[in-house]
K.L.:
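Pasting a structure here, questions to come.
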Amino acid sequence: MHESNIFKDMENDVNSSNIDENTKKKLFANILNLKKQKINLMITGATGCGKSSTINAMFNMDVAKVGIGVDPETMEIKKFELDNLILWDSPGLGDGKEKDIQHSKGIISKLNEIDENGNPLIDLVLIILDGGSRDLGTSYELINSVIIPNLGEKAKDRILIAINQADVAMKGRHWDYENNKPLPKLVKFLEEKVQSVKNRVKEATGVDIEPIYYSAGFKDDDESQRPYNLSKLLYFIVKNTPMKKRLAYVNNTSKDQEMWSDSDEIKDYTAEIQKSFVETIVETSKAGGEIGKEIGDILGMGKTGEAIGRVAGAAVGTVKSVISSVGSFFSSFW
Ligand SMILES: Nc1nc2c(ncn2[C@@H]2O[C@H](COP(=O)(O)OP(=O)(O)OP(=O)(O)O)[C@@H](O)[C@H]2O)c(=O)[nH]1
Ligand SMILES: [Mg+2]
């Protein structure tokens, strides 16, 4: 159905390699297992915080199938299905008492849903805060009283807090519009915001969370959307997704390079994201078989490596070098 599909690429690469039939069989079984994995990502936050903008910037939305819940409690939760990646876009709090109760119930019921393997349906909850808002009271209420108490023991691993609209957090001041990044005063302001959110959550729930800040950007008539730290956000999302599920992001993240190019550069987030996909492939390929370093040549240098090399905005022309670094990364495991 889609132009590129990481699982098809893996199958083709294995098929056209000259490894023995027995090893091929094992690899096919492992690929089949990966193909079955689904990610369920919940995205929530107050009205206007930037949920839709974030989803549009990050994911390949033109292939999404859109649905809504059927029971009254989850009716306002929008469901976007992108193959194995399922996004749940849920309103947060702050829309009035009646609505808040309804939204809380909807979120709580989603968080308590169990999948066919008996695990919680929702793998990860991304809570978006509006960095420009002075009153985050309803957001704390959402995080501390609705979400964390319904995530069970491992809440810390299934929650991400991201402060959006970094560009207008100080009403547009101290933002370097030309280079699309915060100037030192704004960096300080945003770092303080991160710290205060962290403290508020810790005090109320005892849970340690490392919030990040970013900007989903906005669409102007004459300018395209230009996010900041979107690659960092995806990096945190991928890192917090169970390993064997991660490949579902490969087919479904935006192929638009502009979305990924600007970040704080504390890490090469694009490279880190790609490495974590490679990790998944290496780990699952090893399962049940004595598969040597040739897996690097087979997948790393094949269509699979190319597909991974395109994720999170690797520049056209550098794809080849990404492939070979992915290849040597594969090989370095043996
Ligand atoms: N300057 C700036 N504007 C943003 C950013 N993110 C979102 N916006 C703007 O904020 C407004 C609301 O964004 P949405 O993405 O619709 O927010 P939402 O959370 O989906 O809102 P609801 O679906 O109504 O709850 C829009 O006008 C966006 O263009 C950002 O990072 N920077
Ligand atoms: Mg929206």
Side-chain angles (χ1 to χ4, degrees), residues 41-59 61-62 64 66-69 74-82 86-96 98-100 102-104 106-107 110 125-136 138-139 141-143 146-147 160-183 186-187 189-190 193-194 197 211-234 236-237 254 256 258-264:
L41 178 64
M42 180 188 275
I43 296 145
T44 185
T47 306
C49 68
K51 298 179 291 295
S52 300
S53 306
T54 302
I55 292 172
N56 287 331
M58 192 169 277
F59 300 106
M61 290 308 283
D62 28 281
V66 186
I68 46 159
T74 58
M75 224 168 55
E76 297 202 33
I77 303 183
K78 272 177 274 169
K79 179 188 186 188
F80 300 101
E81 248 185 297
L82 298 133
I86 298 145
L87 309 174
W88 302 92
D89 175 346
S90 169
L93 305 181
D95 291 338
E98 207 114 311
K99 285 266 177 204
D100 283 2
Q102 193 197 348
H103 295 160
S104 300
I107 291 170
K110 239 329 128 225
V125 184
L126 169 64
I127 300 152
I128 299 178
L129 309 187
D130 177 352
S133 165
R134 255 182 301 149
D135 179 18
L136 291 176
T138 54
S139 293
E141 177 77 13
L142 174 71
I143 297 167
V146 178
I147 293 176
L160 272 177
I161 300 178
I163 302 168
N164 185 26
Q165 313 210 21
D167 55 332
V168 289
M170 294 178 87
K171 301 194 188 307
R173 279 177 289 134
H174 307 296
W175 183 260
D176 179 347
Y177 285 90
E178 198 172 325
N179 298 302
N180 195 38
K181 62 177 194 191
L183 293 164
L186 183 53
V187 169
F189 178 87
L190 289 162
K193 200 141 215 165
V194 162
V197 171
I212 67 160
Y213 61 82
Y214 75 107
S215 157
F218 61 96
K219 264 203 190 86
D220 234 351
D221 287 343
D222 51 338
E223 270 179 274
S224 59
Q225 192 169 354
R226 223 176 138 195
Y228 171 79
N229 263 354
L230 196 70
S231 56
K232 184 174 189 169
L233 180 57
L234 180 61
F236 275 88
I237 290 176
S254 170
D256 184 352
E258 284 257 295
M259 298 300 134
W260 309 106
S261 50
D262 301 325
S263 79
D264 61 21

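When reading the values below, keep in mind they use all heavy atoms of this one structure, side chains included, and skip hydrogens, waters and symmetry mates. Residue numbers count from 1 along this sequence. Just follow the structure's listing: the first ligand is 1, and inside any ligand the first atom is 1.
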K.L.:
For the atom pair NZ (Lys110) and OG (Ser90), what is the distance rounded to the nearest 0.5 Å?
P.N.:
10.0 Å
K.L.:
Please report which non-hydrogen protein atom sits nearest to atom 6 (N) of ligand 1, along with the residue it belongs to and the distance in Å to one decimal place.
P.N.:
Asn164 ND2, 3.2 Å
K.L.:
Strictly under 4.0 Å, does any heavy atom of Gly45 approach an atom of ligand 1?
P.N.:
no
K.L.:
Name the closest protein heavy atom to atom 23 (O) of ligand 1, giving the residue it belongs to and the distance to 0.1 Å.
P.N.:
Ser52 OG, 4.0 Å
K.L.:
Could you tell me the separation between the OH atom of Tyr214 and the CD1 atom of Ile128, rounded to the nearest 0.5 Å?
P.N.:
3.5 Å
K.L.:
Please indicate whether Lys181 has more than 12 foreign heavy atoms, meaning atoms of other residues, nucleotides or ligands, lying under 6.0 Å from its NZ.
P.N.:
no
K.L.:
Which residue owns the protein heavy atom closest to atom 25 (O) of ligand 1, what's the atom, and how far is it?
P.N.:
Lys51 NZ, 2.9 Å
K.L.:
Mark whether atom 30 (C) of ligand 1 lies under 4.0 angstrom from at least one protein heavy atom.
P.N.:
yes
K.L.:
Can you tell me which portion of Asp89 lies within the under-4.0 Å heavy-atom range of ligand 1? Options are side chain, backbone, both, or neither.
P.N.:
neither
K.L.:
Return the closest protein heavy atom for atom 7 (C) of ligand 1 as residue, atom name and distance.
P.N.:
Ser53 OG, 3.3 Å
K.L.:
Hey, what do you get for OG (Ser215) to CD (Gln165), rounding to the nearest 0.5 Å?
P.N.:
7.5 Å
K.L.:
Considering non-hydrogen atoms of the protein only, which is the closest contact for atom 21 (O) of ligand 1, and what is the distance?
P.N.:
Gly48 N, 3.0 Å
K.L.:
Would you check if the Mg ion (ligand 2) lies under 2.8 Å from any N, O or S atom of Ser53?
P.N.:
no
K.L.:
Using distance alone, determine whether Gly217 and ligand 1 share an N or O pair under 3.5 Å.
P.N.:
yes
K.L.:
How long is the gap from CG on Asp256 to CE on Met58, to the nearest 0.5 Å?
P.N.:
13.0 Å
K.L.:
So which atom in Asn180 and which in Asp262 form the shortest heavy-atom distance, rounded to 0.1 Å?
P.N.:
ND2-OD2, 2.8 Å
K.L.:
How about atom 15 (O) of ligand 1: does it have a protein heavy atom within less than 4.0 Å?
P.N.:
yes
K.L.:
Identify the closest protein heavy atom to atom 1 (N) of ligand 1: which residue and atom is it, and at what distance?
P.N.:
Asp167 OD2, 2.8 Å
K.L.:
Suppose I only count heavy atoms of Phe218 and a 4.0 Å limit; which atoms of ligand 1 are within that range?
P.N.:
1 (N), 2 (C), 3 (N), 29 (O)
K.L.:
May I ask whether Cys49 places a heavy atom under 4.0 Å from ligand 1?
P.N.:
yes
K.L.:
Could you report the tightest heavy-atom contact between Val146 and Ser104, atom names first, then the distance?
P.N.:
CG2-OG, 3.8 Å
K.L.:
Out of Val187, Ile161, Leu129, Leu233, which residue meets the side chain to side chain contact (heavy atoms under 4.5 Å, CB included) rule with Tyr213?
P.N.:
Val187
K.L.:
Give the contacting part of Thr47 toward ligand 1: side chain, backbone, both or neither, where contact means a heavy-atom distance below 4.0 Å.
P.N.:
both
K.L.:
CE/Met42 to CD1/Ile107 distance, rounded to the nearest 0.5 angstrom?
P.N.:
6.0 Å
K.L.:
Just how far is it from atom CD1 of Ile43 to atom CG of Leu87, taken to the nearest 0.5 Å?
P.N.:
4.5 Å
K.L.:
So, the side chain of Lys51 versus the backbone of Ala46: is there a donor-acceptor pair under 3.5 Å, distance only?
P.N.:
yes
K.L.:
Please name the pair of heavy atoms, one in Leu136 and one in Lys193, separated by the smallest distance, quoted to 0.1 Å.
P.N.:
CD1-CE, 4.1 Å
K.L.:
Can you find an N or O of Lys219 that's nearer than 3.5 Å to an N or O of ligand 1?
P.N.:
no
K.L.:
Which atoms from ligand 1 have a heavy atom of Val168 less than 4.0 Å away?
P.N.:
1 (N)
K.L.:
Under 4.0 Å from a heavy atom of Gly50: which atoms of ligand 1 are those, numbered in the order shown and with their elements?
P.N.:
7 (C), 13 (O), 14 (P), 15 (O), 17 (O), 18 (P), 19 (O)
K.L.:
What protein heavy atom sits nearest atom 3 (N) of ligand 1, and how far away is it?
P.N.:
Gln165 OE1, 3.7 Å
